[in-house]
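Could you have a look at this structure, given as structure tokens, before my questions?
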Amino acid sequence: MRLSTLFGKTLRQPPAEAEIASHRLILRAALARPLAAGVYSYLPLGWRVIRKIEAIMRDEMDKIGGQEIHMPVLNPAELWKETGRYFAIGPELIRFEDRAERDFVLAMTHEEVVTDLARRELRSYRQLPFMVYQIQTKIRDEARPRGGLIRMREFLMKDGYSFHEDQKGLDEYYPLIHQAYKNIYSRCGLQVLDVEADTGMMGGTGSHEFILLSESGEDTVVICRNCGYAANVEAAKALKSDRVGQHAPPEAMKPVEEASTPGVKTIQQLTEFFSLPAQDFLKSVFYSAGGDLVAVVIRGDLDVNEAKLARALQSADFRFATDVEIAKAGGVPGFASPIGLKNVRVVLDDSVDADAFIAGANKPDTHLRNVHYPRDFKADIVADVALAQAGQTCCACGHEIELSRGVELGHIFKLGYKYSEAMGAKFLSPEGKEVIVIMGCYGIGVDRLLAAIIEQNHDDKGIIWPRSVAPFQVHLVALGVEDAEVAGVAEKLYLDLQARGCEVLYDDRAETTGVKFNDADLIGLPLRATVSRRTLDKGSIEIKPRTSQDFTLVKLDEAVEHIAGECL
RNA sequence: CGGGGUGUAGCGCAGUUGGUUAGCGCGCAUGGUUUGGGACCAUGAGGUCCCCAGUUCGAGUCUGGGCACCCCGACCA
């Protein structure tokens with residue numbers, strides 16, 4: 001490709017809206033251009049990278065028996081009603097009617113379509129197992145797109161779906177997917193963290209996320225530097241420290257007594273008022289779940305993890321209760337607890353021991369001392385619903401855990417029977433019995449991966465492409481194109497390299513040295529080859545890797561083979 | 001969806017208490033001088049000042065409403 005005719009100009013200054021490194025470089029290097037919030041067009045350079053990434057994904061999927069298919073983005077709403085997601089998912093699912101007033105949606109993922117395909121095709125266990133995948137546009141009307149290609153409303157995803165006879169088959173296949181994903185990242189030059197993830201309402205039996213550690217990430221992961229345990233904070237198990245200090249133990253229980261606490265509402269205020277650590281108080285957080293009031297009771301030093309709460313409640317359909325709803329059940333916001341309340345489901349975090357706590361009295365300006373569980377209140381559910389915190393210790397080895405921000409690059413899931421059951425995807429077993437097929441789903445964002453590669457591979461001059469995904473391998477620079485010999489040699493090199501199978505971006509423009517070298521650094525191809533009067537006087541051209549400050553002179557007649565050796 | 005910010009030429013920005021023909025740098029076009037790290041000179045093209053309504057003799061500037069984009073948070077199969 002000649003730079004003089006390449007569609008898309010590099011920018012000296014990035015548009016003011018770009019804040020994170022990959023976003024700025026994607027715009028400056030002319031990889032993509034915005035059309036609307038979270039919607040981008042790819043220019044030739046960016047699209048070549050996308051195609052390289054896709055090729056790696058296809059290769060890894062094919063290696064583990066994946067078969068590429070292609071499913072529509074335009075979906076009849078009927079399918080989504082069958083699984084209930086038409087009603088369960090919020091406005092991020094775009095819904096509309098066609099001209100005949102039939103309900104349609106734009107697919108944000110393809111479990112419904114693929115399960116529908118499966119139930120139509122699948123008859124016998126002899127057809128199992130299989131895994132199909134596609135690289136397809138996904139539409140999600142995200143509340144807040146951000147970070148350029150990090151979070152988009154229209155994006156590309158490689159999504160795969162596996163179908164097995166039984167859990168055992170899925171369990172045996174899952175590690176192959178897991179390894180294929182790791183291969184994809186490493187082949188793209190990325191170091192990603194592989195973490196245990198929340199299976200959420202999917203009801204699955206296993207799930208991993210692949211996280212790029214980055215300050216601009218929107219997920220929080222828990223990491224143990226000692227044993228390597230890593231998990232999304234939504235799923236993370238951590239050992240809650242035991243309470244320290246003096247507490248009335250269960251065998252020495254004193255009667256509950258009221259304490260006047262005028263205006264003291266928050267845990268922070270309580271610790272100051274009583275001069276006691278936060279762990280000696282009971283925090284009660286009220287939720288409204290499907291019309292019921294739920295009180296989540298947790299130690300004062302901990303916060304509620306709503307993903308874990310969803311699992312405990314077996315429903316994600318809840319929100320913070322309003323003060324009115326709390327008052328209706330007899331609670332007094334700021335001084336509330338489950339003690340003495342009726343018609344409230346109580347979820348107790350397993351951090352709450354049998355020793356004495358101070359809790360709300362459901363009476364204005366009043367708390368209660370010597371509250372003991374289970375003497376003074378009962379729990380409907382006891383579970384771990386606490387958010388992991390820095391400073392807690394690893395559930396596997398006891399070492400102190402760290403929290404880190406990250407970007408979710410991929411998510412693999414043992415789906416189980418949720419979709420196949422809802423949609424009746426069944427097959428006949430060897431015994432002639434109808435059996436529901438078990439599914440897995442495996443997603444990885446293509447655009448986001450491109451952004452991640454840049455996040456992890458750039459310097460202050462520009463992108464540093466890993467060879468595997470670089471839009472071209474060689475940036476051929478002709479300095480002083482008015483010099484007929486320079487132009488002639490560069491031109492010949494360009495043609496010869498292409499004939500030899502190298503991907504060459506040829507800067508044939510009549511620009512000054514600084515402009516050309518700065519563009520080469522910005523675009524970031526692995527190898528730069530320079531032809532100038534100065535190199536020709538030595539019968540040579542100059543070769544410089546993007547990653548190095550040093551260059552080497554190579555004789556003209558060896559140039560093609562030398563470069564080919566570096567980039568093929 | 002809550003909070004904050006920004007909308008003036010392709011990009012980055014300035015524009016005074018409301019006042020004539022809306023500027024600057026970069027980029028772009030033409031000509032010339034240059035040519036190993038974003039060169040220089042000259043000439044030139046390019047604007048619904050986000051939109052609508054209002055106040056005013058007069059609005060980029062003031063008022064009201066709307067829209068778009070960015071950031072933080074909530075949300076996120």
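Chain letters run A, B, ... following the sequence lines, proteins first and then strands; every chain starts at 1.
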**Study point:** Rounded distance in Å - CZ (A/Arg448) to C1' (B/rA77)
**Key:** 12 Å
Review point. Looking across every strand, which nucleic acid part, if any, lies under 4.0 Å from A/Pro14 by heavy atom: base, sugar-phosphate, or nothing?
Key: sugar-phosphate
Practice item. Take A/Tyr161 and A/Tyr133 through the ring-ring contact (aromatic ring centres under 6.0 Å, His included) test and state the conclusion after the steps. Key: CA-CA 6 Å; A/Tyr161 305 87; A/Tyr133 72 95; over 10 Å; no
Review point. Taking atom types as modelled, is there a side-chain donor on A/Gln268 or A/Thr266 under 3.5 Å from an acceptor on the other?
Key: no
Review point. Is the cationic atom of A/Arg528 (NZ for Lys, CZ for Arg) positioned less than 6.0 Å from the six-membered ring centroid of A/Phe517 and within 45 degrees of its normal?
Key: yes
Check your understanding: How long is the line joining CD of A/Glu218 and C1' of B/rG73, in whole Å?
Key -> 12 Å
**Study point:** B/rU8 and B/rG47, which share atom name P, separated by this distance in whole Å
**Key:** 15 Å
Check your understanding: Would you say A/Lys265 has more than 12 foreign heavy atoms packed within less than 6.0 Å of its NZ?
Key -> no
Point to revise | A/Tyr86 six-ring face occupied by A/Lys81 cation (under 6.0 Å, within 45°) | key: yes
Review point. Once you round it to whole Å, what is the distance between P of B/rA77 and CG of A/Leu409?
Key: 17 Å
**Study point:** C1' atoms of B/rG19 and B/rG15, separation to the nearest Å
**Key:** 14 Å
**Study point:** Short side-chain donor-acceptor distance under 3.5 Å, A/Asn75 and A/Trp80
**Key:** yes
Practice item. Using the closest heavy atom to pick a nucleotide of RNA chain B for each, name whichever of A/Gly480 or A/Glu306 lands nearer the 5' end. Key: A/Gly480
Sub-3.5 Å pairs of nitrogen or oxygen atoms, protein against nucleotides 67-72 of chain B:
{"unit_1": "B/rC69", "atom_1": "OP1", "unit_2": "A/Ala37", "atom_2": "N", "d": "2.9"}
{"unit_1": "B/rC71", "atom_1": "OP1", "unit_2": "A/Gly147", "atom_2": "N", "d": "3.4"}
{"unit_1": "B/rC72", "atom_1": "OP2", "unit_2": "A/Arg144", "atom_2": "NH1", "d": "3.3"}
{"unit_1": "B/rC72", "atom_1": "OP2", "unit_2": "A/Arg144", "atom_2": "NH2", "d": "2.6"}
{"unit_1": "B/rC72", "atom_1": "N4", "unit_2": "A/Arg144", "atom_2": "NE", "d": "3.3"}

Exercise for review: Rounded off to whole Å, could you give me the CD-to-C1' distance for the A/Gln13 and B/rG12 pair?
Suggested key: 4 Å
Check your understanding: Which parts of nucleotides 36-48 of chain B does protein reach within less than 4.0 Å, heavy atoms only, written one letter per nucleotide 5' to 3' as B for base, S for sugar-phosphate only and - for none?
Key -> BBBB---------
Point to revise | Crowding at CZ, A/Phe7 (>12 non-hydrogen neighbours, <6.0 Å) | key: no
Check your understanding: On a whole-Å scale, what distance lies between the C1' atoms belonging to B/rA14 and B/rC57?
Key -> 28 Å
Point to revise | Atom-pair distance (NZ on A/Lys158; P on B/rA77), nearest Å | key: 18 Å
Exercise for review: With A/Lys414 as the cation and A/Tyr174 as the aromatic partner, state whether NZ or CZ is under 6.0 Å from the six-membered ring centre and within 45° of the axis.
Suggested key: yes
Exercise for review: Assign A/Lys9 to base, sugar-phosphate, or nothing according to its heavy-atom contacts below 4.0 angstrom with the strands shown.
Suggested key: sugar-phosphate
Point to revise | Length of the CD-P vector between A/Glu482 and B/rG31, whole Å | key: 14 Å
Point to revise | Enclosure of A/Phe130 CZ (heavy-atom neighbours >12, cutoff 6.0 Å) | key: yes
Practice item. Provide the distance between the two P atoms, one in B/rC62 and one in B/rA45, to the nearest whole Å. Key: 31 Å
**Study point:** Gap in Å between the two P atoms, one belonging to B/rG54 and one to B/rC70, rounded
**Key:** 32 Å
**Study point:** Per-nucleotide pairing state of RNA chain B [Watson-Crick or G-U, under 3.5 Å; [ ] pseudoknot-crossing; | other strand]
**Key:** (((((((..((((.....[...)))).((((((.....)))))).....(((((..]....))))))))))))....
Point to revise | Distance, C1' atom - from B/rA68 to B/rG27, rounded to whole angstrom | key: 25 Å
Study note, to complete from the structure: Rounded to whole Å, CG of A/Leu93 lies from C1' of B/rC75 at a distance of 15 Å
Check your understanding: Can you tell me how far P in B/rU56 sits from the matching atom in B/rC71, rounded to whole Å?
Key -> 41 Å
Check your understanding: Just by distance, with hydrogens left out, do A/Arg119 and A/Tyr419 show a side-chain donor and acceptor under 3.5 Å apart?
Key -> no
Check your understanding: Just one of A/Phe210, A/Phe413, A/Tyr185 clears the ring-ring contact (aromatic ring centres under 6.0 Å, His included) bar with A/His178, so which one?
Key -> A/Phe210
Review point. If the C1' atom of B/rG23 is compared with that of B/rG46, how far apart are they to the nearest Å?
Key: 14 Å
Review point. Does the side chain of A/Ser214 come under 3.5 Å of the side chain of A/Ser216 through a donor N or O and an acceptor N or O?
Key: yes
Exercise for review: Verify whether the ring centers belonging to A/His411 and A/His208 lie closer than 6.0 Å.
Suggested key: no
Point to revise | Value in whole Å for how far the C1' atom of B/rA74 lies from CG of A/Asp219 | key: 14 Å
Point to revise | Given RNA chain B, 5'-ward residue of the pair A/Arg405 and A/Ala510, judged by closest heavy atom | key: A/Ala510
